[in-house]
Amino acid sequence: VALARSRSVALVGVEGHLVEVEADIATGLPGFTMVGLPDTALQEARDRVRAAVVNSGEAWPGRKITIGLSPATLPKRGSSFDLALAPTILAASGELPPAALADVALLGELGLDGRARPVRGVLPAAAAAARAGIARLVVARGNAAEAALVPELDIVGVRSLRQLLAILRGEEPPEDLPPPAPLDHEEPVADLADVLGQPTARHALEISAAGGHHLYLYGSPGAGKTMLAERLPGLLPRLDHGAALEVTAVHSVAGLLEHGRPLITRPPFCAPHHTASVAALVGGGSGFARPGAVSRAHRGVLFLDEAPEFHGGVLEALRQPLESGEVVIVRSAGAARYPARFQLVLAANPCPCGRSGGKGEACSCTPLAIRRYLGRLSGPLLDRIDLQIFVEPVSRAALLDDRWHVESSAVVAERVAGARERAAARLAGTPWRTNAEVPGGELRRRFRPQPRATALLDQPLQRGQLTARGVDRVLRVAWTLCDLSAVARPGLAEVGMALALRHGGVVSAA
Ligand SMILES: [Zn+2]
């Protein structure tokens, strides 16, 4: 009998699916066939696996080899099946006891020299293997720490095919095992204390972090909009374990995990360029659907600098993830789902040439050009943004004066954490955790401000300066101001402040 089986994992989006790898060796002309929807990269696996087997001092069976991958309907891609293919072929040819592959799954690429190489998506693959009842997972040594984030699995990290075969034969004591514990590698984060001046914008950043509010920064180039946006992740609470695993899974599939830093514990920051395509922003691309910027920003911050310069279709594509917190990419092979719950920060110059802010000197833009430029940010998109702030360039005098009361990110993050706790306590039993998520209707029924606190809004509402949605945004921000200062319910002070922040000097295009 020349048949052997092993298991590996295929990824669809961030979902792993167990795959059975079957090798059948028959008499006949030497050949190698693969069935079960393999893509071109998998066909190339044949050459890699054969070279790796030979270069590891093993005998390549000179007969007819047929490889089956099932379920056949599952799309399979890339090189991550190498580590399963090689021992399965050797078991079928009698070089390895088939029982050695019984309750193990294998995932990794082989180099021509037999070296085991890390692959993408190991965390979601390991989670899927554990769910399917697999006890042991073999991965390349470079993936071992990431796989070890799934505690139910016994992880075997191997440097080479030679080492793997020795372990499977029970020959050599596995010298490199067990894998190292996950490291929590720290990197310096951009600190709020570096931003001088901009007291309103700094305050808005704190409110944005505390309430989960999307933020629109509007103002001249050089006013520090990017600097401010980059500091938002440092004000957000660290990811809890569940969120850290979600974020890590996306970055793993995208091939963006840094070596020696298997678990991402800080909210990510993703800033795509304004020339980004729809696929780059929300995911896709030919063949395997890759996670886009919105998913790489999951549980963190998505920053679109020069937002009006983005292609209209790209901005439009933001609406699905903003609404549902995920992206679904439909392909003939099936739908890939990626999480995409992020805080959006948009930045825009006041006009196409960028010089109309401040004193407006040297701006050559016509009023029509300015209207068109700002009009590219559609109403439905801006409707989701609770905070819209005008950021002015800071004068030297203001800088010097402000030096005395800048706060570090750590100080502000502490207030943010307290505010988030108060919001979570009030919202307990609802599907929402931050004020930004609370629907307008609920703000008028269940979470009402103090009586008469909204009197300030009547006039702008009657004059058409404020829409009903605008009122909702003011109330959401007012609640966050309460949470930041431990006030029980919004009063005139909070509503007034929220209204000022809402207007914040932003000129509406409409
Ligand atoms: Zn201009």
Side-chain angles (χ1 to χ4, degrees), residues 194-205 208 213-232 270-278 280-281 293 301-318 344-399 402 460 463-467 470 473 499-510:
D194 307 335
V195 182
L196 294 178
Q198 311 294 5
T200 309
R202 281 208 314 255
H203 189 204
L205 213 57
S208 166
H213 305 283
H214 302 310
L215 175 64
Y216 178 21
L217 297 170
Y218 164 94
S220 310
K225 300 188 293 280
T226 302
M227 243 187 135
L228 286 159
E230 284 170 347
R231 278 148 183 83
L232 180 54
C270 188
H273 191 254
H274 62 74
T275 54
S277 64
V278 171
L281 195 77
V301 175
L302 179 70
F303 176 49
L304 303 188
D305 196 10
E306 301 184 47
E309 302 283 0
F310 279 72
H311 193 272
V314 171
L315 294 172
E316 187 63 23
L318 279 175
L344 179 63
V345 180
L346 297 178
N349 294 333
C351 67
C353 83
R355 289 192 295 263
S356 80
K359 298 183 195 91
E361 58 217 11
C363 168
S364 55
C365 307
T366 64
L368 178 66
I370 294 177
R371 254 203 323 276
R372 237 188 239 145
Y373 174 78
L374 294 174
R376 288 190 207 149
L377 297 179
S378 71
L381 182 62
L382 289 181
D383 260 341
R384 300 187 177 278
I385 298 176
D386 292 341
L387 287 163
Q388 309 190 1
I389 302 298
F390 184 58
V391 188
E392 287 174 279
V394 191
S395 72
R396 205 180 136 73
L399 280 182
D402 200 60
R463 285 187 185 160
Q465 291 159 332
L466 197 62
T467 62
R473 289 198 293 260
L499 183 63
L501 284 168
R502 157 79 186 88
H503 278 226
V506 175
V507 181
S508 166

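As the structure lists them, so they are numbered: ligands from 1, and atoms in each ligand from 1.
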Novice: Can you give me the closest heavy-atom contact between A369 and P352, atom names plus distance?
Specialist: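 So the minimum-distance heavy-atom pair works out to O-CG, 3.9 Å.
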Novice: Taking all heavy atoms of Y373 and all of N349, pick out the closest pair and write down the distance.
Specialist: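 For Y373 versus N349, the nearest heavy atoms are CE2-O, 3.3 Å.
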Novice: Would you say S208's side chain and H214's backbone share a donor-acceptor pair under 3.5 angstrom?
Specialist: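 Flag not set: sc S208 to bb H214 has no pair under 3.5 Å.
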Novice: Would you say H203 has more than 12 foreign heavy atoms packed within less than 6.0 Å of its NE2?
Specialist: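 Above 12, so yes.
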Novice: Which residues and atoms, counting only protein N, O or S, are under 2.8 Å from the Zn ion (ligand 1)?
Specialist: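 Result, waters dropped: C351 SG, C353 SG, C363 SG, C365 SG.
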Novice: Going by the rule salt bridge (Lys or Arg N to Asp or Glu O under 4.0 Å), which residues pair with E306 if we only count those two or more places apart in sequence or in a different chain?
Specialist: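 Checked E306 against salt bridge (Lys or Arg N to Asp or Glu O under 4.0 Å); zero matches.
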Novice: Should the pair F390 and Y218 be assigned to parallel (<30°), tilted (30 to 60°) or perpendicular (>60°) ring geometry?
Specialist: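 Judged by the thresholds at 30° and 60°, the geometry between F390 and Y218 is tilted.
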